[in-house]
2 protein chains.
Amino acid sequence: MERIDIPKKAIYRLSIYHRCLKRLVELGEETVSSSALAKAAGVKPAQLRKDLAYFGQFGTRGLGYPVEALAAMIRDVLGRERLQPVVLVGAGNLGSALLRYQGFQKEGFEVVAAFDADPEAAVSRGVQVPVFSEKEMEERLQADGVRLAILCVPGPIAQSLANRLVAAGVTGILNFSPVVLEVPEEVVVNNVDLALELEHLSFFVR
Amino acid sequence: MERIDIPKKAIYRLSIYHRCLKRLVELGEETVSSSALAKAAGVKPAQLRKDLAYFGQFGTRGLGYPVEALAAMIRDVLGRERLQPVVLVGAGNLGSALLRYQGFQKEGFEVVAAFDADPEAAVSRGVQVPVFSEKEMEERLQADGVRLAILCVPGPIAQSLANRLVAAGVTGILNFSPVVLEVPEEVVVNNVDLALELEHLSFFVR
DNA sequence: TAGTGTGAATATCTTCACAGCT
DNA sequence: AGCTGTGAAGATATTCACACTA
């Protein structure tokens, strides 16, 4: 595994660059300089160049980077060339909002199914994605070979659902529950902790 | 400003420690060791001790940290002793879910008002918080002296609303829009970019 | 003995600055 | 002339390891 020494934050930035590049494609730009793209992404030019250099040489000295090709390479690096199916667990308030939220689809993720203890309730919230009983989770996950899950359940049950997801073959969890999940080390957990983000702001604001 | 050399991530961790401490308070624990608390928070003991040491000495050698007092000091450091009012801008799908979401209240934040171009629609989504027309934003912000805002509007209009928030005295923005906001340097922006988090996972999962 | 507080060592990440293409 | 690619320097953050103390 050669990507061992790529800064984790660089991966985040890659996503941001990709988004900026998509805008440039729409504008019909053919090339972009590191300084222009860096500005759009809110980073320093040198950092952008270094981030890209981890994956190869894509630019032309004196000219810049080819917009289209660079976007394609980032998609490739991020594993976004063929799109990953995703499931969502816990279609409560936040969960069902995420299901209606267009942001994931816009970035090319397909939420193929949702699971909840009370599927009826979720459906009544206007969710389009099929919502199944949480009991069917394992069989459906395995049938579809799903590896990415969004977890939006209350704190106290988050760990046990995470365990079940992992056992069913999920290796990436986007966790909205305000809980530190324990998972085997081959599983990646990404925490989005809304209250924590607000709290963090409040430190800088007073 | 002496907190200049405190790792930014340490502030995040402080919030996590605080959450764990609250649980310990409920359980009636009087003291906790760095290793126990670190385990609960998902960090190494040495890191926990270092994080706390930035703010003073709170532990007793051979014994551990007093749960209650430590929680109080963290609240103090995070500026959470008196609670900050927060507003939410953009009560669409995601925004109104956040308004119904109990997580903020549970952590002691009060969302005092929401603003949207179409307040009726938001109210019809079952939002309890008063929703005002986006036009009234400035006057109400200034009246209440609000300094924290949650921004959940579509990308294209995010920057202009951020500008208005800043002009009206907001100094901390929790930004859910998939856009890099430009703000004066005294303003802190905290980005929560849902699609980006998923994309990040997909890199590690393939 | 159990467990904090911390300097020093290490690891990680960012920025500089410039050689080298086009 | 303009802009990339990158080694080296600098800045930050984490971890170790142990002196110290209740």
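Each chain gets a letter, A, B and so on, in the order its sequence line appears, and its residues count up from 1.
Distance A:F58 CZ to D:dT6 P: 11 Å, rounded to the nearest Å.
Dashed line: the shortest gap from a side-chain N or O of A:Y65 to OP1 or OP2 of D:dG5 is under 4.0 Å.
Picking from D:dG5, D:dT4, C:dT4 the nucleotide with the shortest atom distance to the side chain of B:S34 gives C:dT4. Among D:dC3, C:dT14, C:dG3, the nucleotide with an atom closest to any side-chain atom of A:R61 is D:dC3.
A salt bridge is absent between A:K39 and B:E182; no separation between the charged side-chain nitrogens and carboxylate oxygens falls under 4.0 Å. Under the 4.0 Å criterion applied to side-chain N and carboxylate O atoms, A:R19 and B:D193 are assigned as salt-bridge partners.
Checked by atom type and distance alone, the side chain of A:S96 never pairs as donor or acceptor with a backbone atom of A:G126 at under 3.5 Å.
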Do B:E107 and B:K22 pass the salt bridge (Lys or Arg N to Asp or Glu O under 4.0 Å) test, and can you show the C-alpha distance, the side-chain angles, and the key distance before you say yes or no? CA-CA 11 Å; B:E107 297 290 334; B:K22 278 197 297 188; 3.4 Å; yes
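Side-chain atoms of B:E197 and A:Y12 form a donor-acceptor pair, as typed in the model, at a separation below 3.5 Å.
A residue-by-residue look at B:R13 and B:L63 shows that B:R13 has its nearest nucleotide of DNA chain D further toward the 5' end.
Within residues 42-51 of chain A, the residues that have a heavy atom under 4.0 Å from DNA chain D are, in order of number, A:R49, A:K50.
The only option from B:T171, B:I173, B:V86, B:V188 that meets the side-chain contact (heavy atoms from CB on, under 4.5 Å) definition with A:L201 turns out to be B:V188.
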